[in-house]
Novice: 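Can you keep this structure in mind? I'll have questions shortly.
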2 protein chains.
Amino acid sequence: MINRPAGPEILRLIDLLAKLPGLGPRSARRAALHLLKKRDQLLGPLSAALADAASKVQACAVCSNFDTVNPCSICAAPGRDNGIICAVEDVDDLWAMERSGVFRGKYHVVGGTLSALDGIRPEDLNIAALVQRAGNPDVREIILALNATVDGQTTAHYITDRLSHLPVKVTRLAHGVPVGGELDHLDDGTIAAAMASRR
Amino acid sequence: MINRPAGPEILRLIDLLAKLPGLGPRSARRAALHLLKKRDQLLGPLSAALADAASKVQACAVCSNFDTVNPCSICAAPGRDNGIICAVEDVDDLWAMERSGVFRGKYHVVGGTLSALDGIRPEDLNIAALVQRAGNPDVREIILALNATVDGQTTAHYITDRLSHLPVKVTRLAHGVPVGGELDHLDDGTIAAAMASRR
């Protein structure tokens, strides 16, 4: 009983919460306690929401976005441009693009970046499916909206190569000063890129 | 669809996760995505653990600890001393005491501290039940292990007053230098208390 004051149900809950990104053992204990205190407002609803997500949400067979329908509601949306596909690293990048509201085409979630260090090869990513989609005669442009990291840009290079035999235009997001960003806080590479692409 | 790329099930999950202490909107999105990616290892088990906790865990009728049995396993433990009750602010303080392994009596969770600012009065806390338990002739000592904050110490003063008509001994945790702590990092109040209680 010493060192294990809570029952196995509570300990298991804490252990699982501690596996969420952003929560450690200590904050997982606080979260578990908060849940137990707010049984009706939070514990019950979160339990139901997780069960709901587990049973209904799946990865879209076309673009790998998460949704309750397959193909996802973005792939199925009639008002969106089928001729432009925006390739992103991960679903959260797709969500960020959608929050910005500037893109009205379709998406393709690559599922990560190539990484010699972590042993992630092209066949571990969702690249072959992107090349196949790009081969559709309706598709005019592939936007490589991968993160501006070394691995992200390496992956963008690789995908550009793989698409070079196709008649599609391949573009990338512009580098530059973030809107609202101060020069003083930017690295030299960003300033150099912003200067080179000055308008 | 713009700004709301994910289905209502995912948005609801993110909203609920964002209500956990330590998670904001951004980290809740990351946590939701992590859960959806680790469906079998994390989403399913966490969903089951929450449902389990919601259906089985309850507050102990004696001490207000959380457990699957009522009275809780600490209150029901035959090997623990019924004559000493350690009053703590919250269940996480009880857990911290149990982890330390130094206390073999019973507990009483006060459920917070008195606070004029937040309008928390004695009747909002679990104090009357503590006074009633302290009136049991078996009880020899009440340890007030409330936090060393202004509100915690105000509450300890108030409880001491309420217990003054009873023949129980009322003690508090010693103030002093934390074990492993450096003097340089301690506030003046702690150093003064440690000096005054030097042995």
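What's counted below: heavy atoms across the whole structure, side chains too, no hydrogens, waters or symmetry copies. By convention in this document, chain letters (A, B, ...) are assigned in the order of the sequence lines, proteins followed by strands, and residues within each chain are numbered from 1.
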Novice: Checking an interface table here. Which of residues 84-93 of chain A come within a heavy-atom distance under 4.5 Å of chain B?
Specialist: A/D90, A/V91, A/D92
Novice: At their closest point, which heavy atom of A/A148 faces which heavy atom of A/Q153, and how far apart are they?
Specialist: CA-NE2, 3.6 Å
Novice: How about A/D188: does its CG atom have over 12 heavy atoms from other parts shown lying under 6.0 Å from it?
Specialist: no
Novice: Among B/S47, B/A49, B/S27, which has the most heavy-atom pairs under 4.5 Å with chain A?
Specialist: B/S47
Novice: Does a donor on one side chain and an acceptor on the other come within less than 3.5 Å for A/D187 and A/T190?
Specialist: yes
Novice: Taking every heavy-atom pair that is under 4.5 Å apart, which of A/G22, A/P45, A/G24 has the most such pairs with chain B?
Specialist: A/P45
Novice: Please classify the contact of A/K19 with chain B as side chain, backbone, both or neither, using a heavy-atom distance under 4.5 Å.
Specialist: both
Novice: Just give me the residue among B/R30, B/H34, B/R12, B/R29 that pairs up with chain A most often, heavy atom to heavy atom, under 4.5 Å.
Specialist: B/R29
Novice: Does B/I10 form a side chain to side chain contact (heavy atoms under 4.5 Å, CB included) with A/F66? I'd like the steps, not just the answer.
Specialist: CA-CA 9 Å; B/I10 299 177; A/F66 283 118; 3.9 Å; yes
Novice: Less than 4.5 Å to any heavy atom of chain B: does that hold for the side chain of A/R39, its backbone, both, or neither?
Specialist: side chain
Novice: Are the side chain of A/N126 and the backbone of A/V109 linked by a donor-acceptor contact shorter than 3.5 Å?
Specialist: yes
Novice: In chain order, what residues pass the side-chain contact (heavy atoms from CB on, under 4.5 Å) check against A/A48, with sequence neighbours excluded?
Specialist: none
Novice: Does the pair B/H108 and B/V62 meet the rule for a side chain to side chain contact (heavy atoms under 4.5 Å, CB included), with working shown?
Specialist: CA-CA 8 Å; B/H108 191 88; B/V62 178; over 6 Å; no
Novice: When heavy-atom pairs shorter than 4.5 Å are enumerated against chain B, which of A/T68, A/L20, A/L23, A/V57 gives the highest number?
Specialist: A/V57
Novice: Answer with side chain, backbone, both or neither: which region of A/K37 has an atom nearer than 4.5 Å to a non-hydrogen atom of chain B?
Specialist: both
Novice: Does B/D151 form a side-chain hydrogen bond (donor to acceptor under 3.5 Å, both in side chains) with B/T154? I'd like the steps, not just the answer.
Specialist: CA-CA 5 Å; B/D151 283 344; B/T154 306; 4.8 Å; no
Novice: Answer yes or no: does atom CD of A/Q132 have more than 12 heavy-atom neighbours from other residues, nucleotides or ligands under 6.0 Å?
Specialist: no
Novice: Count the heavy-atom pairs under 4.5 Å between each of B/D52, B/D40, B/L42 and chain A, then report the option with the highest count.
Specialist: B/L42
Novice: Looking at A/R80 and A/E98, is any side-chain nitrogen of the basic one under 4.0 Å from a carboxylate oxygen of the acidic one?
Specialist: yes
